[in-house]
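Below, read A as the first sequence line, B as the second, and so on, with proteins coming before strands; counting in each chain starts at 1. None of the values given here were measured: they were computed from a predicted structure.
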Number of protein chains: 2
Amino acid sequence: MKKKITLKQIARELDVSISTVSKALRDSIEISEDTRQKVQAFAKLYNYRPNNIALSLKNRKTKTIGVIIPEIVHHFFSKVIRGIELVANKRGYNVIVGLSNESFDKEVINMQMLANGSIDGFILSISKETLQQQDYHHFKETISQGMPIVMFDRIVNEIHCDKVIIDDSKGSKNAVMKLLSSGCKHVAIITTKDYVSVGKLRTQGYLDALEEFKMSPETDLILKVDDELVSEDHLESLEREIEDLFKRNKKIDGVFAVNELYAIIAMKVARNLGMKIPEDIQFIGFTDGVLSKHATPSLTTVNQHGQQMGEKAAELLIDNLEREDEEEHYTTVVIETELVERNSTK
Amino acid sequence: MKKKITLKQIARELDVSISTVSKALRDSIEISEDTRQKVQAFAKLYNYRPNNIALSLKNRKTKTIGVIIPEIVHHFFSKVIRGIELVANKRGYNVIVGLSNESFDKEVINMQMLANGSIDGFILSISKETLQQQDYHHFKETISQGMPIVMFDRIVNEIHCDKVIIDDSKGSKNAVMKLLSSGCKHVAIITTKDYVSVGKLRTQGYLDALEEFKMSPETDLILKVDDELVSEDHLESLEREIEDLFKRNKKIDGVFAVNELYAIIAMKVARNLGMKIPEDIQFIGFTDGVLSKHATPSLTTVNQHGQQMGEKAAELLIDNLEREDEEEHYTTVVIETELVERNSTK
DNA sequence: TGTCAACACGAAAACGTTTTCGCTGATTAT
DNA sequence: ATAATCAGCGAAAACGTTTTCGTGTTGACA
């Protein structure tokens, strides 16, 4: 087991100074052709690579990005990570991930662990609990210590930083308008409680679309699901709620759901109730994932372009990190959504 | 913007030496009660936290685990990451991820980037290209430099290290036996080319089950899909292959697929051909994911317990890292699979 | 022969810690 | 009164780099 070799060891072996070795490896003109070749050959032979940690300490930057997301077993977030990793690697950065598990405490702890020198900046999406408690001091502190943050998807206006979002309300409006213009007269929405910012915005888009069509919203067609209860196991209760919705409102002929899973489950319920999709009732979901693609019928969805969001977030962060001038100018990038039409709509 | 404070700054402010500050903060008995309180108060006030990078350099360990997986937008791998992250964090470690994208070169580069001091050890699953080329020199080098590796799922016997796997052939055998014992007479398998180790093993399990039932395998019931072609876009060709399979062999009444997607697609094809599931034909897939759960009918699958694999891998690695004695003894942990019975089987 | 520039290299500081060792002044024991 | 102990603190090394500055040797030139 040969341990990693260092400059010092090379220097000792070749009977020169550490500085000489360092310079020779970096092709400094200070060093004679002779010694340079000698050093480089030796270094290659022993497969020398500079120690990243030492470099980080010296340069006071780690070339590493910290990513904090609420959950990784989730198509959207893993796509974002892939995007981040893609451009980070291309630009010579590593990616270190922390999962908040939708918990405020874990979010704070994770940020503290990483903020002490391990990384140069954060890319994150806020946990539900944090959004609910509206306690953002950890973000403020991090930023005030000079560590840049880029937020994506779940953001909060109160914090000043770069942001990458989609136009949730616009995307939803388009989706609902698609339903309305293909003949739906009674479109229901399955959404979350309002504290989840995206849920609120998507509901707004639904209302906007109705207004565009001069229709007035019926409160009974708006189903606000308690998101806490839909964690894996409580799906039956969700099914029951949706079934009730359908039974109470026989005339529903279109459904817009603020995520993929709600839509898939709603389709299942509808099918069990004997409705034909898309003839009797049409469905559109938000956030394109594997489920939408492979469901039967395949689900029309609003694609959020998660990977693109990740790429953009990484670019914003790295641009910021490598910017010379220190003037603060935060930008908010809006990624366009796209309606992916499949077989759950006409 | 107040930059992070260091020992040196505290020392200067309080007019003591750096050593005194360090000792005071670590509650050394060398320091008088007086100065200790003074220093600790000051440190708390300015929210002092030791710089991780400096600590890493000094201790020659980073308390960080490098994870390299072929793909992150994949239910199984993201579950593994969650498992790794869970125990890593619990034991004070960070997780840094690299994606090989199933490419040999990216795998090598990623490992080199991380191996130069950034991490203490690797957890990885080998990329398909690497398996195909059978070039494992980067693993050997890493290990010979004293950096431990834990492999999971896609492993290779040639490399000596800790491993976490499932018993692919046993899990498959159980699945196929379930089909056979519930009445199937002609069970087909949809698998991959043999260089993917898990594909090969799962095929073996299929054969074992047949033998157990004194049935001889029919080559025409074994469909080996070229995995390269199934990347997102070439799904239609897969559908056609499966359709051909069904048309050639009208008597197929059971299908075992080596992954979730193949099974879902096969179900779709079967349904389009007018077969009833599970009455006419039964299906079982491998690797439990969202698709299986929410498909109609829901798919019976072999659950790999990805999160548990991740947890175990992290434990093995950290145990190794924190072990005092240097004796090498590599273990291979086999995680039990579990047949999750749903509606695609009787 | 003496001066100067060019060349090739080494010493040392710096990044932020921890830790070993040595030093000083005071208290205790002889 | 002298020696020995001890409490409390600081200096310095070490981790592995990069970089600035200094220094010695060589050759050319006046």
Side-chain angles (χ1 to χ4, degrees), chain A residues 3-40 42-43 46-64 113-120 145-147, chain B residues 3-40 42-43 46-64 113-120 145-147:
Chain A
K3 277 274 175 196
K4 296 237 65 172
I5 197 170
T6 70
L7 287 186
K8 192 191 285 192
Q9 295 169 44
I10 300 183
R12 200 183 320 133
E13 291 293 319
L14 264 47
D15 209 43
V16 291
S17 77
I18 296 180
S19 349
T20 304
V21 177
S22 175
K23 288 172 191 166
L25 290 176
R26 327 196 90 242
D27 284 325
S28 160
I29 46 162
E30 283 188 60
I31 304 300
S32 71
E33 189 60 26
D34 248 22
T35 39
R36 198 195 315 175
Q37 301 232 340
K38 197 173 52 173
V39 171
Q40 296 196 352
F42 192 91
Y46 281 86
N47 198 27
Y48 169 79
R49 303 243 188 276
N51 181 307
N52 274 333
I53 295 293
L55 285 179
S56 297
L57 184 58
K58 176 133 194 49
N59 301 330
R60 262 110 120 254
K61 55 177 99 164
T62 61
K63 289 264 182 182
T64 301
M113 276 196 72
L114 297 183
N116 300 316
S118 301
I119 61 161
D120 294 340
Q145 283 176 354
M147 176 157 305
Chain B
K3 276 274 176 196
K4 296 235 65 170
I5 197 171
T6 70
L7 287 187
K8 191 191 285 192
Q9 296 169 43
I10 300 184
R12 200 183 318 135
E13 292 294 320
L14 263 48
D15 209 42
V16 291
S17 78
I18 297 181
S19 349
T20 304
V21 178
S22 175
K23 290 172 191 166
L25 290 177
R26 327 196 88 243
D27 283 325
S28 161
I29 48 160
E30 284 187 61
I31 305 299
S32 70
E33 189 59 27
D34 248 23
T35 37
R36 199 195 316 176
Q37 302 233 339
K38 197 173 54 173
V39 170
Q40 294 195 354
F42 192 91
Y46 281 88
N47 198 28
Y48 169 80
R49 303 242 186 275
N51 181 308
N52 274 332
I53 295 293
L55 285 180
S56 297
L57 184 59
K58 175 129 193 51
N59 301 330
R60 263 111 120 253
K61 56 179 95 166
T62 61
K63 290 267 183 179
T64 301
M113 276 195 72
L114 297 183
N116 300 316
S118 301
I119 61 163
D120 295 340
Q145 282 176 354
M147 175 159 306

Report the residues that fulfil side chain to side chain donor-acceptor pair (under 3.5 Å) with B/T62, sequence neighbours left out, ordered by chain and then residue number. B/D120

With sequence neighbours excluded, residues passing side chain to side chain donor-acceptor pair (under 3.5 Å) with B/S32: B/T35

What is the 5' to 3' range of DNA chain C, first to last nucleotide, that sits under 4.0 Å from any heavy atom of chain B? C/dC15 to C/dC21

Counting only non-hydrogen atoms, which of residues 7-14 of chain A are less than 4.0 Å from DNA chain C? none

Evaluate side-chain contact (heavy atoms from CB on, under 4.5 Å) for A/Y48 paired with A/V21, printing each intermediate quantity in order. CA-CA 11 Å; A/Y48 169 79; A/V21 177; over 6 Å; no

Do side-chain atoms of B/N52 reach the backbone of A/M113 as a donor and acceptor pair under 3.5 angstrom? yes

Students should find that the end-to-end axis angle of the helix from C/dT1-D/dA30 to C/dT30-D/dA1, with five pairs defining each axis and rounding to 10 degrees, is 80°

Counterpart residues, side chain to side chain donor-acceptor pair (under 3.5 Å), relative to A/T64 (two or more places apart): none

Calculate, to the nearest 0.5 Å, the distance between atoms CD1 and CG belonging to A/I5 and A/L7 respectively. 9.0 Å

When you compare the side chain of B/I10 with that of B/Y46, does any pair of heavy atoms fall below 4.5 Å? no

Ignoring hydrogens, what is the shortest heavy-atom contact between A/I53 and B/G117? Give both atom names and the distance. CG1-O, 3.1 Å

Residues from residues 53-63 of chain B sitting under 4.0 Å of DNA chain D, heavy atoms only? B/L57, B/K58, B/R60

Only pairs at least two apart or in different chains count here, so list each salt bridge (Lys or Arg N to Asp or Glu O under 4.0 Å) that has a residue in residues 4-17 of chain B. none

Quick one: CG on B/L55 to NZ on B/K61, what's the gap to the nearest 0.5 Å? 11.5 Å

Side chain to side chain donor-acceptor pair (under 3.5 Å) partners of A/N47, counting only residues at least two apart: A/R49

Within the structure shown, what part of the strands sits under 4.0 Å from B/S22 by heavy-atom distance: base, sugar-phosphate, or nothing? base

Sequence neighbours left out, what passes salt bridge (charged side-chain N to carboxylate O under 4.0 Å, His left out) with A/D34? Give chain and number order. none

Contact between B/N51 and B/T6 at the side-chain level, heavy atoms closer than 4.5 Å - yes or no? no

By side-chain contact (heavy atoms from CB on, under 4.5 Å) - contacts of A/K63 (at least two apart): A/Y93, A/E322

Check whether any side-chain heavy atom of A/V39 lies under 4.5 Å from a side-chain heavy atom of A/K23, and answer yes or no. no

Under 3.5 Å, which N/O atoms of the protein pair with N/O atoms of nucleotides 7-9 of chain D?
{"residue": "D/dC9", "atom": "OP2", "partner": "B/S32", "partner atom": "N", "Å": "2.9"}
{"residue": "D/dC9", "atom": "OP2", "partner": "B/S32", "partner atom": "OG", "Å": "3.1"}
{"residue": "D/dC9", "atom": "OP2", "partner": "B/T35", "partner atom": "OG1", "Å": "2.9"}
{"residue": "D/dC9", "atom": "N4", "partner": "B/E30", "partner atom": "OE1", "Å": "2.3"}

